[in-house]
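Below is one structure, written out as structure tokens, with a few remarks after it.
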Amino acid sequence: MIVMKFGGTSVESRDAITRVTSIVKKYEERRPIVVVSAMGKTTNKLLAAAHEAAAGRRDQALTIVDELRGSHLTHGLALAGPAAADLDRFIRTHFEWLDELVKGLSVVGELSDRSKDAIASVGERLSSLVVSFAFRAAGMPTQHVDARRVILTDDRFTQAQVLFDETYAALQERVRPVAEHSVVVMGGFIGSTKDGITTTLGRGGSDYSAAIVGAGVNAEEIQIWTDVDGMLTADPRIMPGGHRVKSISFAEAAEMAFFGAKVLHPATVLPAVEKNIPVLILNSKRPEVDGTRITLDAAPCANPVKSISCKRDITIVNIRSTRMLMAHGFLRRIFEIFDRYETSVDMLSTSEVSVSLTLDNTENLNSIREEVRQFAEVTVEEKQAIVCLVGENIRHTPGIAGRAFQVLADKNIRMISQGASLLNLGFVIADKDLSSAVSALHKEFFSTLDPAVFA
Ligand code: ADP
Ligand code: ASP
Ligand code: MG
């Protein structure tokens with residue numbers, strides 16, 4: 001049994017879903033369970049509609065919903081063959097419900113996280129239906145499973161935490177037996193509380209769903225099908241032309257994901273590691289490419305660095321003790337405040353009187369700032385970026401930091417950190433320097449390539 005996850009671009013249109021259908025057909029003997037994202041940019045559009053509605057712009061919200069209805073009908077019905085009338089009914093029912101919800105929000109004028117999840121979930125509920133109809137029309141025995149019946153979570157809406165015991169039990173009971181004889185299709189990203197209230201696992205969470213399903217059914221492999229050839233040596237949005245990394249460890253992949261490699265949701269690795277299930281990253285537009293294989297132990301690599309990750313839109317917060325030295329309990333007080341505002345810190349550096357940290361979520365920064373001001377000075381720097389060199393060999397290779405900072409000698413490097421895991425070297429620079437910094441580092445570390453690891 002294997003899990004095959006297809007991301008938004010892989011199911012964005014009739015043609016894309018036709019490609020997915022032929023890929024899945026090739027794997028039919030391996031008993032695939034297919035997890036899909038919402039079609040294209042549907043999630044963004046659903047959330048935009050929700051915000052418009054809550055801001056009282058009801059007509060704008062309904063227009064967005066209408067466009068989504070149109071595109072789902074156009075692409076979906078073209079794939080459903082003789083069952084098109086059934087799919088038409090399903091799609092229209094979902095959109096009627098959405099119309100009502102949006103109208104309700106525009107009356108209430110506010111948007112709770114619970115309503116956000118209810119609306120955002122429609123993307124995966126629909127895409128999974130459309131894909132299951134397409135598979136059936138192509139002659140594959142197919143069973144649609146509502147992910148909300150098997151992915152059980154707490155009620156932290158928009159960031160729900162998975163209840164693993166309950167979820168694994170439900171997957172064993174409701175998915176594994178069905179997958180023995182049919183291709184199971186389910187939506188990623190969504191789940192529900194034990195009381196049946198819809199939740200989501202956080203943006204980009206379909207990769208995580210796939211890993212949870214894989215671990216729950218004890219799959220042999222988890223395949224993440226996306227729009228790039230695999231994990232690359234650099235983020236293609238910052239520096240095109242990076243090389244494909246053929247083999248990488250779970251620890252390295254997790255570090256890359258955490259520091260911005262959007263190709264993999266950072267939580268994906270956990271369930272896979274726990275059951276030691278290999279994860280493959282593959283390109284649905286170029287299925288003939290071998291992709292990236294993520295396993296417990298990666299192939300030995302002669303290059304010290306495997307990849308350069310980056311994370312944009314980072315804010316640095318500098319907190320300076322108003323006393324001569326940082327008093328006992330100073331850090332605890334600071335982190336207690338960040339914790340209370342559920343704001344996580346990515347990178348940290350301290351000196352005798354100050355601490356600097358980076359945030360990517362600044363939603364609660366004003367409140368945090370007010371509280372910290374009670375006992376320390378606070379300054380904030382926006383438009384920063386984290387750059388992170390990742391590779392297990394970094395710890396065994398002297399001089400990596402020297403080489404990195406040598407090629408960046410003309411740039412202002414703000415914070416430096418070598419993660420406790422010792423497999424990354426990260427620092428912060430101004431966003432305007434990001435692309436030239438990544439190019440310079442890439443040239444330094446990837447001008448010769450170990451052919452066993454890089455394509
Ligand atoms: P999906 O919709 O399939 O989940 P995502 O957009 O979430 O796809 O992730 C794929 C994207 O991740 C790529 O198109 C690429 O721009 C981005 N990305 C960032 N860093 C990397 C990297 N190191 N290697 C490959 N892709 C990366
Ligand atoms: N559709 C969701 C999102 O856009 C989940 C995913 O695609 O992974 O965030
Ligand atoms: Mg993704």
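Every number for a ligand or one of its atoms is a count from 1 in the order of the listing. Positions are given from 1 along the sequence.
- Within the structure, the closest approach of G123 to ligand 2 does not fall below 4.0 Å when heavy atoms are considered.
- The pair D146-R125 does not meet the salt-bridge criterion, since no charged nitrogen lies less than 4.0 angstrom from a carboxylate oxygen.
- For the side chain to side chain contact (heavy atoms under 4.5 Å, CB included) test, residues two or more places apart in sequence or in another chain that qualify with S192 are R148, L152.
- Geometrically, ligand 1 and V263 share a nitrogen or oxygen pair separated by less than 3.5 Å.
- For the atom pair SG (C301) and CG (N393), the distance works out to 6.0 Å, reported to the nearest 0.5 Å.
- Distances below 4.0 Å separate heavy atoms of G205 from the following atoms of ligand 2: 5 (C), 8 (O).
- Assignment of G242 to the shell around ligand 1 is not supported, since no heavy atom sits closer than 4.0 Å.
- Every atom of ligand 2 with a heavy atom of R203 under 4.0 Å away is listed here by number and element: 3 (C), 4 (O), 9 (O).
- Considering only non-hydrogen protein atoms, atom 25 (C) of ligand 1 sits nearest to G230 O, 3.3 Å.
- Checked against a 3.5 angstrom limit, the closest N/O atoms of D207 and ligand 1 fall outside it.
- The existence of a salt bridge linking D229 and R244 is excluded, since no basic side-chain nitrogen approaches an acidic carboxylate oxygen closer than 4.0 Å.
- In terms of the side chain to side chain contact (heavy atoms under 4.5 Å, CB included) criterion, residue partners of R174 (sequence neighbours excluded) are, by chain and number, R149, V150.
- When heavy-atom distances to ligand 1 are checked against a 4.0 Å cut-off, K311 has no atom that comes that close, whether in backbone or side chain.
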Residue pair F405, F427: steps toward the ring pair (Phe, Tyr, Trp, His ring centres under 6.0 Å) verdict:
CA-CA 10 Å; F405 296 129; F427 58 88; 5.6 Å; yes
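- In terms of N/O distances under 3.5 Å, ligand 1 is not approached by V228.
- Below 3.5 Å of separation, one finds no N or O of M256 facing any N or O of ligand 1.
- Below 3.5 Å of separation, one finds no N or O of K5 facing any N or O of ligand 2.
- Here K5 pairs with D207 in a salt bridge; the nearest charged N to carboxylate O distance falls below 4.0 Å.
- Shortest contact from atom 15 (C) of ligand 1 to any protein heavy atom: P236 CG, 3.6 Å.
- In terms of polar-atom proximity, S10 is not counted as a contact of ligand 1, lacking any N or O under 3.5 Å from an N or O of the ligand.
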